[in-house]
Amino acid sequence: MPTLFLHFFLFVITTTVTNLIPAVHSNCIEAQKQSLLHFKQSLEFDSSKSSKLITWNSSTECCSWLGVTFSTNGSVVGLDISSESISCSIDNSSSLFQLQRLQSLNLANNDFKSSSIPSAIGKLTKLRYLNLRGAFFSGTIPSSVVSLPKLEILTLSHNRFSGQVPEFSTTSSPLLGTLDLENNNLEGPIPTSIFNLQGLLNLNLSSNNFSSFPFNGPRLPRNLSSVDLSHNSMLFDYNGSNSSFLQIRHLVLASNKLRAFPDFLRNQSILYYLDLSNNQIQGKIPNWILSLKSLNSLDLSGNSLASLEAPLPNSTSALSSLDLRSNKLQGIHSSYSFLQLGHLGLASNKLTTFPDFLRNQSYLTYLDISDNQIQGQIPNWIWSFKLQELNLSCNSLESLEAPLHNSTYVLSKVDLHSNQLQGHFPFFLNSRYLDYSRNNFSSSIPSDIGDFISNVYYLSLSSNNFHGAIPKSICNASCIVLDLSNNSLSGNIPQCLTQSHQLSVIDLKRNNLSGTIPDNFPNICGLQTLDLSNNQIQGKFPKSLVNCSKLEVSNIGNNNIADTFPCFLMSLSTLRVLVLRSNMFYGSIGCPKTNGTWPVLQIIDLSHNNFSGDMPGRLSLTWQAMVSNKDDSPTNLGFSSVVSNKDDSPINLGPSHQLSPHVQCNKEATNKACYSYSGISRSIRETYTDFYYRDTITTIIKGSELDVVKILTIFTLIDYSYNKFNGSIPEEIGELKSLYALNLSGNAFTGKIPSSFGKMRQLESLDLSKNHLSGQIPPEFANLNFLSHLNVSYNQLTGRIPTNTQFSTFPSTSFEGNKGLWGPPLTSDTAIVLPPPKFNGSSSNPNSGDEIDWNVISAEIGFTCGFGIAVGSLLFCKRWRKWYYRAMFNILFKIFPQLEHRFGNHRRHVYINQRYWRR
Ligand SMILES: *[C@@H]1O[C@H](CO)[C@@H](O)[C@H](O)[C@H]1NC(C)=O
Ligand SMILES: *[C@@H]1O[C@H](CO)[C@@H](O)[C@H](O)[C@H]1NC(C)=O
Ligand SMILES: *[C@@H]1O[C@H](CO)[C@@H](O)[C@H](O)[C@H]1NC(C)=O
Ligand SMILES: *[C@@H]1O[C@H](CO)[C@@H](O)[C@H](O)[C@H]1NC(C)=O
Ligand SMILES: *[C@@H]1O[C@H](CO)[C@@H](O)[C@H](O)[C@H]1NC(C)=O
Ligand SMILES: *[C@@H]1O[C@H](CO)[C@@H](O)[C@H](O)[C@H]1NC(C)=O
Ligand SMILES: *[C@@H]1O[C@H](CO)[C@@H](O)[C@H](O)[C@H]1NC(C)=O
């Protein structure tokens, strides 16, 4: 956020300065025109991506050239060729440096091929504004740049500059107000001569390797408005004499190596915003820091702070926002009541009770005490704050103290998930976000719930013991996400629910719902996830679901639906997951009359139904996600349900959208794009606060049931097991080059195993057992390098089992029940070849080193899944979740070794995505 602020500031200044320069269109001086044309000629750029340079044409008036600004007398004073996909270096002889009247030069967002800044830039002595952001410059920063005498704004961020920052000369521009060196490889101490820049206001040195900053430097005529030193290697380990004359208003020291509170902070009298997060500070929070005269906002999160020093008598504080997340605090004493906070973050500490000093807070609007170890009741005084956002999730709270005060009904976001709450649950009028999941609430859902939750856009009551029917009034909520899964709800699905225009996610899985699925999805249906699995639902598959043109997940597995294959869904090109498992579907799945495809389909599970007829080869060829052979981006973890708001613009893009707009911005985009973008997303965030929904799909992989929370996008599965499919397996199946798991077990397939299987290079799990397949196991199977689970048992296969190393790792049960099959591991070769001589006492299995110990792996899967259920509520707390996902990934990597290979050092991205999951 502080960087954001700074950037915004920069952007404003940038625009102002650019506007300052008079944009007068008069005839240009011929010499200048020629210089520009020369300059253009010397550049290599992609003319198809250029919008400015292509307009520089000798036969047109130069006043019509884009990106060039002329003064009244016709000389070039401004040049903006940012984002012109230039890819070449420029040197000292470039005609650019003949434009000596330039006041503004913008070369941002190009690729100058890791060249250094030519020192001839010092000739442009009139420059006031220089922007080289994200232009792939490298080398050291020439001192001629920082010595430009008229410079006001210098932006060298997001390049590859290395070495030390040059000394700033006494003749450096007294007007230089903004110096931005963010995200380079600069190192060493910042020279004290930086204070030769008498006019400096904003200094951004973040994301380099700087080791120190001269806080004890000379007194400046002006105060520094903003200093960002985050993501460096600063220590400030000294104590005592380092009093600072520098007065700073906005100071960011986040993500450095601080081990103590730097002493120079004591004399900061105008400090308003201080960020010391993610350092290694231990011990006590000193009392003086909370009483710094002007300090409004203090971020100490991500350190190892254990307590607060007792306050001095008669302390006062101007603090309004205090973030102490992720420390080791056990409490805050009531003597700290002089703090009157608006925003308090205490998540992920070691609190066991509600801190006493909270009682006397009267302005709190945001309180986060999640992920602590608080037991017992939620005190009712907590409701007397003017809270807008309350997060008590991931504690061990058991009940709410009665009576509930009414004054609190302004709460807009309440997160109580993962506690042990029971009894009556509170409704908060005007709330927009209610998460009561993973508690022990066991009543029925009150029939008047709709009166309380009409503004709710996210409602989760999942994983409690709610029973009884789903009240109709629940449709009065303006929900986007409705999650009632994992309860004991019974009765019908209310008609009005499926009629909703707003719902993006309906998750009713694992209940005891009966009746039919209402076939009344509206014409304009925004549904993305429909999960009704594991209920007692009967009847037909709703035809109107085809109206939901954004549908990604349709899971109605484990119900009693008796219908034919929903061919009409073929027109939904967004579908990623279709699970019809364990129902009573019947008939063929050929869909001859439909033309539509599922280009992004990843999981199709039709197992345990009564489907019959051929397995259509043509159909599967249209499933691009399974056919295409190109690697998905490793950051592209998991299909996500992007939840849209009412006017259809996407909000909080889940992990499949990889990077948040901010991150994207900080890397590449221009200032402008960045800000209009984040501007939009922020205003949306204010109304809808970000959230997204975790889809969970239960799949059977390699014989073990695995609940995958979020699916790897590159993960693909076809499960047609236990139906009545017959005929031969189509040759086209080999085109599914990205398929990971194929299960055709328990059908009536006949004929040979197609040799095209050899083309499915990604295949890791293949089950063809219990069919009537005949002929040999095709030798092409030797190509399946990743195959780690194979089952061809109980067919009529003949011939020798292929002898490559891969096959020697499969157990004999993979091949049993085939009368004509022979060779290891089924029958020993001893009948034909002489047995190898036995050595005394030593094991003789040459392959034992390569063997995958499936027992261990399945035990581990069982453990993780079992554990996931056992610690259910803990899973969604940070500590456990970290562990769980790590375990989960390790298992996924073990099951699908090449994921590991593909991810390589992209594990970090996986981690990043997990961070999104935490929001
Ligand atoms: C300049 O413009 C003329 C006429 O508009 C065009 O024919 C010519 O190709 C252009 N030259 C360049 C270098 O783009
Ligand atoms: C809360 O409001 C309800 C009805 O609006 C009223 O019956 C109840 O007495 C109020 N409770 C308190 C504690 O004020
Ligand atoms: C939904 O709200 C409207 C008014 O806001 C009310 O008339 C209607 O009875 C409510 N429906 C249910 C089922 O509670
Ligand atoms: C599910 O509902 C049926 C009636 O529809 C009832 O007989 C059964 O006991 C319920 N099962 C559970 C586990 O609540
Ligand atoms: C499949 O159909 C047969 C009759 O054709 C029926 O007896 C059987 O119960 C059905 N099985 C399932 C799982 O629906
Ligand atoms: C294939 O499906 C059957 C039935 O669902 C299951 O028992 C078996 O374990 C699956 N095979 C693999 C390799 O996952
Ligand atoms: C509440 O806190 C938990 C744990 O710190 C976090 O995962 C969750 O996202 C927070 N809830 C909201 C609504 O921000």
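Note that the coordinates shown come from a computational prediction; the quantities given were computed from them, not determined experimentally.
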Colleague: Would you check if there is a donor-acceptor pair between the side chains of Gln282 and Ser304 at a distance under 3.5 Å?
Modeller: no
Colleague: Could Lys413 and Asp415 be called an ion pair, given the rule that one side-chain N must be under 4.0 Å from one carboxylate O?
Modeller: no
Colleague: Would you say the side chains of Thr155 and Ser157 form a donor-acceptor pair under 3.5 Å?
Modeller: no
Colleague: Is there a donor-acceptor contact under 3.5 Å from the side chain of Asn279 to the main chain of Leu253?
Modeller: yes
Colleague: Holding to salt bridge (charged side-chain N to carboxylate O under 4.0 Å, His left out), I want the full list of residues that pass it with Arg266, two or more places apart in sequence or in another chain.
Modeller: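 With neighbours one apart ignored, the set is Asp263.
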Colleague: Can a side-chain donor-acceptor contact be found between Ser334 and Asp356 if the only test is distance below 3.5 angstrom?
Modeller: no
Colleague: More than 12 heavy atoms of other residues, nucleotides or ligands under 6.0 Å from OH of Tyr272: is that the case?
Modeller: no
Colleague: Can you tell me how the ring of Phe213 sits relative to the ring of Phe195, calling it parallel under 30°, perpendicular over 60° and tilted otherwise?
Modeller: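 If you compare the ring of Phe213 with that of Phe195, the planes turn out perpendicular.
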Colleague: Under 3.5 Å, is there a donor-acceptor pair linking the side chains of Gln340 and Ser362?
Modeller: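 Yes - a donor-acceptor pair under 3.5 Å links their side chains.
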Colleague: With distance as the sole criterion, is a donor-acceptor pair present between the side chains of Gln280 and Arg259 under 3.5 Å?
Modeller: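 No, because no side-chain N or O of Gln280 sits under 3.5 Å from a partner of the opposite role on Arg259.
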Colleague: One pair to check against ring-ring contact (aromatic ring centres under 6.0 Å, His included): Phe264 and Phe215. What are the steps and the verdict?
Modeller: CA-CA 7 Å; Phe264 66 82; Phe215 279 105; 3.8 Å; yes
Colleague: Show your working on ring-ring contact (aromatic ring centres under 6.0 Å, His included) between Phe136 and Phe112 and close with a plain yes or no.
Modeller: CA-CA 5 Å; Phe136 287 96; Phe112 289 97; 9.6 Å; no
Colleague: Is it true that Glu152 and Arg128 have a side-chain N and a carboxylate O under 4.0 angstrom from each other?
Modeller: yes
Colleague: Do Asp371 and Ser348 get their side chains close enough for a donor-acceptor pair, meaning under 3.5 Å?
Modeller: yes
Colleague: Assess, by modelled atom type and distance only, whether the side chains of Glu187 and Ser162 contain a donor and an acceptor separated by less than 3.5 Å.
Modeller: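 No - no donor-acceptor pair under 3.5 Å links their side chains.
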